[in-house]
Amino acid sequence: MTDIIAEINGITFGYAADRPPIFDGFSWQVGAGERWAIIGPSGCGKSTLLYLLAGLRQPNVGQIAVEGVPVTRPRARIGLILQSHGLLPWATVWDNVTLGPRIGRFYRYKQTGDDPAAPYPPAAIPPERSQAWLARLGIDALAQSYPAQLSGGQRQRVAIARTLVLDPILLLMDEPFSALDVPTREDLQRQVRQLTAERQLTTILVTHDVEEAAFMAEKILVLHQPPNRAGTIIANPRMAAADFRRSAAYSAVTATLRAALERSPTMAHEAAP
Amino acid sequence: MKWRSLLLGSLLLLLLWQLLSWAINRPIVPPPLDILQTFVREMRGGELQTHFWVSSRRVILAILLALVTGVPAGLALGQFRRLDRLLAPLIYVTYPAPKIVFLPIFILLFGLGDLSKVLIIAFVLFFQILVVVRDEAANVRPEQLASVRSLGAGRLALLRFVYMPATLPAVLTAVRVSIGTAVAVLFFAESIATRTGLGYYIINDAFARVAYKEVYAGVLAMSLLGLALYFLTDWAERRLAPWMFVE
């Protein structure tokens, strides 16, 4: 039995009172070290679920806890990587990657040690750690560049490095590779997959891409048109195998995912992404 | 490039002025070298130097005052939508009104000294800075805020790491655009009920004595004051906002 890292308990959430809620009595559990993907048609609430877990939105009813602590605001231990525009355009790559440590120093008088409930990053993260992540993601030569000078793939590497510098307990990713061209996307998918496996980092990846979900996640939560009361969970235990993309198991999982998405009632008349 | 433009522009101005002076050939348009000579003499030994520093102090204090009030007010309105909705109509109505007309009231309230002049200039600039900062702060991308909040930033850290750098270039642009206005308001404020400053020197001293060369020396001093502030803002922008200058 794995430990539970993130737990959603009977939440109801909607953006407006006069529209049906996105989630209605929804529950979900994420175990330590598990790699999840969330997939579903647009408007199904997959990004909303990520924002709820990140503490950027609060449910109307029910609780969300990460490491057993209710998520009432964003926390440095819960990492979030967005599709784009997350970097600070006025800061160099180095200043972006060391933003977490700088926020930690900014709040140095408020630190509460290793308390999982503390929202702030630790006050003393050595610059060597940021340097190591830059090198690991192959962007150390770009340290003095600004985001506007980088390619889309390089920017996402900066965003990933910036989040991992804070050593998160849970990594949330909202379509992080969608805006990239195919070779760059596949390269980054491989690298993130390897990184998260190495560190046994619990990850939740929101995507609209069936292949990406199958390649990146051992468990896949399929959401449907709101209100979501429960998602469909599809297991993908073979994803860690070498050369998985060319295996029969991969084809089977993508077929299952497609079938699950087609059961979603409004998919038929939904516009192409 | 910049220095070359400055040099070329100055030379061209001198040349055109000289031609104009020859063409008109009356004391009201003295030749540029005579003006420069008078300017140097007045700045070294005459009263112009004192007036120049008095005016510089007034306008710089006013810009600083407008910044320390306008920037926080703009940041607040840009972040708190409810406050903005409450005050936006008031700003909308008062923004186009020429604030300089309040000068007599400022003089009555704050006296004939530096205070009323600094305050009227700051009052004019305050609104320009406020509006620019408010709009810039309101336009910060939600993705930027979300990702910096997810790194653990609370409201103060967002102010420090997002809102301040996001609005800085706009603040400097607002200052640059406002310099002309500031010097114009300064000139007007100094031309009534005072005995110091470049406005006084030009209107009440030189012009009243029909000393044309001194009038032009004063005009030159005022232009140089504006130009110096302009360069100062450019310099500050390159120092404080280097990302605006990368390819």
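Chain A is the first sequence line, chain B the second, and so forth, proteins listed ahead of strands; every chain is numbered from 1. Because the structure is a prediction, the values reported are computed rather than measured.
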- Message: Please classify the contact of A:Leu166 with chain B as side chain, backbone, both or neither, using a heavy-atom distance under 4.5 Å.
- Response: side chain
- Shortest non-hydrogen contact from A:Gly100 to B:Leu151? N-CD1, 4.3 Å
- Item | Interface residue of largest heavy-atom contact number with chain A, from B:Val162, B:Val148, B:Leu145, under 4.5 Å | B:Val162
- Write out all pairs satisfying ring pair (Phe, Tyr, Trp, His ring centres under 6.0 Å) with one or both partners inside residues 50-85 of chain B, taking only residues at least two apart or from two chains. B:His51-B:Tyr200, B:His51-B:Tyr201
- Quick one: what part of A:Leu87 sits under 4.5 Å from any heavy atom of chain B, side chain, backbone, both or neither? backbone
- Exceeds 12 heavy-atom contacts within 6.0 angstrom, atom CZ of B:Phe110: yes
- Note on the structure: Shortest non-hydrogen pair, B:Ala146 vs A:Leu82, comes out as CB-CD1, 4.3 Å
List, with distances to 0.1 Å, the donor-acceptor pairs found between chain B and chain A - the cut-off being under 3.5 Å and no angle criterion applied.
unit_1   : atom_1 : unit_2   : atom_2 : d
B:Ser147 : OG     : A:Gly86  : O      : 2.9
B:Ser147 : OG     : A:Arg162 : NH2    : 3.3
B:Gly152 : O      : A:Arg73  : NH2    : 3.2
B:Gly154 : N      : A:Tyr107 : OH     : 2.8
B:Ala157 : N      : A:Tyr107 : OH     : 3.3

- Item | Proximity breakdown for B:Ala241 and chain A, heavy-atom pairs closer than 4.5 Å | neither
- Rounding to 0.5 Å, atoms CG (A:Leu88) and CZ (B:Phe161) come to a distance of 9.5 Å
- B:Leu168 versus chain A, heavy atoms under 4.5 Å apart: side chain, backbone, both or neither? neither
- Contact origin within A:Pro168 toward chain B - heavy atom pairs under 4.5 Å: neither
- Which region of B:Pro142, side chain (C-beta onward) or backbone (N, CA, C, O), has a non-hydrogen atom less than 4.5 Å from a non-hydrogen atom of chain A, or is it both or neither? neither
